[in-house]
Amino acid sequence: MIYNLYKQLSSTYGKQNWWPLSGYMEKFDEVSIGAILTQNTSWKNVEKALENLVSAKILSLEDVLEIDEEFFKNLIRPAGFYNQKAKRLKNFAKSVLSVKKEKINRQFLLSINGIGKETADTILLYGLDKLTFVVDAYTKRLFYRLGVIDNEKIEYDKLKSLIEKNIPEDLEVYKEFHALIVEHCKNLCRKKPICDKCFLKDWCYNKQN
DNA sequence: AGCCAGGCCAAGC
DNA sequence: GCTTGGCATGGC
């Protein structure tokens, strides 16, 4: 059922290709910075911040560590929560650059202030090609409305392992499925859903129908 | 012109 | 343990 959902989303929306982006930065650095900047923030705003960083030649976590904090805040301002995010990014850069790359696992990332489960999994999956599924608010909402789960506030790791159990161990599937869920929820399964245009409405339990 | 975005943390019950 | 408030800009 869950894998079938992936296939339907995939054939409807096509390939998403989230990361890497245009390649100004190394993948790990680019994903980490993007993942932190997009916390509770639309990707459109993150893009503006990323453009500012590229223009200012901030192209790596090393650069993030070096740059003057006030100047940095100004560059990432469009992404919102810029005071907090500037601190988180600098602290993240410091933590990551102080250890060997092999030490960067989920537990390590979660120990860094400002890195929660979704951000950690995003960095692992898209930045390090680790087979770990990314759950977000959209995933919970969609799966709840579809009737796959009976509680929208399901614990992060429970939904994560439920999905992982039901899809093939394939990096591309992991990467695309999460991106497709986001795409679908931005288009149709919004807070106020547009059910009449949705190709899933026949088997969706959404109470709002 | 509100409402909302690809969360997370600290503080308060 | 679970809830709540704070963080901030820009698009629709």
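Every chain is numbered from 1 and lettered A, B, ... according to where its sequence line falls, protein lines coming before strand lines.
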Next item on the list: Give a yes/no verdict on a cation-pi contact between A:K101 and A:F28, requiring under 6.0 Å between NZ or CZ and the six-membered ring centre and an angle within 45° of the axis.
Entry: yes
Checklist line | Closest-nucleotide ordering on DNA chain C, the 5'-leading residue of A:K44 and A:A79 | finding: A:A79
Next item on the list: Remember a base hit wins even if backbone is also touched, and classify A:R190 as base, sugar-phosphate or nothing at under 4.0 Å, heavy atoms.
Entry: nothing
Next item on the list: Name the nucleic acid region contacted by A:I112, choosing base, sugar-phosphate or nothing; use a 4.0 angstrom heavy-atom cut-off, strictly under.
Entry: sugar-phosphate
Margin query: Would you measure the distance from the C1' atom in B:dA5 across to the matching atom in C:dC7 and give it in whole Å?
Written below: 14 Å
Check: Within the pair A:Y82 and C:dT9, is there a side-chain N or O less than 4.0 Å away from OP1 or OP2?
Finding: yes
Margin query: Work out how far the C1' atom of B:dC3 is from that of C:dA8, and round it to whole angstrom.
Written below: 14 Å
Margin query: Heavy atoms from C-beta onward define the side chain here; which of C:dG6, B:dA10, B:dG6 lies closest to that of A:N113?
Written below: B:dA10
Notebook entry, point to check: B:dG6 C1' sits how many Å from A:L142 CG, rounded?
Noted result: 14 Å
Checklist line | Test: A:K87 and A:E69 ion pair at under 4.0 Å | finding: yes
Notebook entry, point to check: Between A:N187 (CG) and B:dA5 (P), how many Å, whole number?
Noted result: 14 Å
Notebook entry, point to check: Among C:dA8, B:dG6, B:dC8, which nucleotide sits nearest the side chain of A:T119?
Noted result: B:dC8
Check: Taking the side chain of A:T41 as heavy atoms from C-beta outward, which of B:dC8, C:dA8, B:dG6 is closest to it?
Finding: C:dA8
Notebook entry, point to check: Choosing from B:dG6, B:dG7, C:dG10, which nucleotide comes nearest the side chain of A:K48?
Noted result: C:dG10
Notebook entry, point to check: Which value, in whole Å, describes the distance between the P atoms of nucleotides B:dG6 and C:dG5?
Noted result: 23 Å
Margin query: Nearest whole Å is fine: how far is B:dG7 C1' from A:F92 CZ?
Written below: 15 Å
Notebook entry, point to check: When the distance from CG of A:L110 to P of B:dC8 is rounded to whole Å, what number comes out?
Noted result: 9 Å
Notebook entry, point to check: Would you say a side-chain N or O of A:R141 is under 4.0 Å from OP1 or OP2 of B:dA5?
Noted result: yes
Notebook entry, point to check: What's the CD-P distance between A:E152 and C:dT3, to the nearest Å?
Noted result: 13 Å
Next item on the list: Quick one: label A:I36 by what it contacts on the DNA or RNA (base, sugar-phosphate, nothing), any heavy atom closer than 4.0 Å.
Entry: nothing
Item checked: Rounded distance (Å) that lies between atom P of B:dG7 and atom CG of A:L89 -> 15 Å
Margin query: Rounded to whole Å, how long is the line connecting atom NZ of A:K191 with atom P of C:dC12?
Written below: 18 Å
Next item on the list: Indicate, with a heavy-atom threshold strictly under 4.0 Å, whether A:Q84 touches base, sugar-phosphate, or nothing.
Entry: base
Margin query: Measuring to OP1 and OP2 of B:dC8, would you say a side-chain N or O of A:K85 lies under 4.0 angstrom away?
Written below: no
Item checked: Paired nucleotide for B:dC9 [Watson-Crick or G-U wobble; both distances under 3.5 Å] -> C:dG5
Note to self: Looking at A:Y138, I'd like to know whether one of its side-chain N or O atoms comes within less than 4.0 Å of OP1 or OP2 on B:dG6.
What the structure shows: yes
Next item on the list: Look at atom NZ of A:K130 and say whether more than 12 heavy atoms of other residues, nucleotides or ligands are closer to it than 6.0 Å.
Entry: no
Check: Just one of A:Y6, A:W18, A:Y138 clears the side chain to side chain contact (heavy atoms under 4.5 Å, CB included) bar with A:H178, so which one?
Finding: A:W18
Margin query: Does a side-chain N or O of A:N40 approach OP1 or OP2 of C:dA8 to a distance below 4.0 Å, or not?
Written below: no
Identify all side-chain donor-acceptor contacts of residues 109-127 of chain A below 3.5 Å with residues at least two apart in sequence or on another chain.
| unit_1 | atom_1 | unit_2 | atom_2 | d |
| --- | --- | --- | --- | --- |
| A:S111 | OG | A:F108 | O | 2.6 |
| A:K117 | NZ | A:D157 | OD2 | 2.8 |
| A:T119 | OG1 | A:Q39 | NE2 | 2.9 |
| A:D121 | OD1 | A:R106 | NE | 2.8 |
| A:D121 | OD1 | A:T132 | OG1 | 3.2 |
| A:D121 | OD2 | A:R106 | NH2 | 3.1 |
| A:D121 | OD2 | A:Y156 | OH | 2.6 |
| A:T122 | OG1 | A:E118 | O | 2.7 |
| A:Y126 | OH | A:K175 | O | 2.7 |

Next item on the list: Using only heavy-atom distances, determine whether the side chains of A:E183 and A:N187 contain a donor-acceptor pair under 3.5 Å.
Entry: yes
Notebook entry, point to check: If you check the A:N45 side chain, which of B:dA5, B:dG6, C:dG10 turns out closest?
Noted result: C:dG10
Notebook entry, point to check: Does the aromatic ring of A:F81 sit over the six-membered base ring of C:dG6, closer than 5.5 Å centre to centre and tilted less than 30°?
Noted result: no
Next item on the list: Kindly determine whether A:K73 and A:E70 satisfy salt bridge (Lys or Arg N to Asp or Glu O under 4.0 Å), including the steps that lead there.
Entry: CA-CA 5 Å; A:K73 282 182 186 176; A:E70 291 307 311; 3.3 Å; yes
Next item on the list: Check the distance between B:dG6's P and A:Y156's OH and give it to me in whole angstrom.
Entry: 15 Å
Item checked: Base-pairing assignment for C:dC12 (Watson-Crick or G-U wobble, both under 3.5 Å) -> B:dG2
Note to self: Going by centres under 5.5 angstrom and planes under 30 degrees, do the aromatic ring of A:W43 and the base ring of B:dA5 stack?
What the structure shows: no
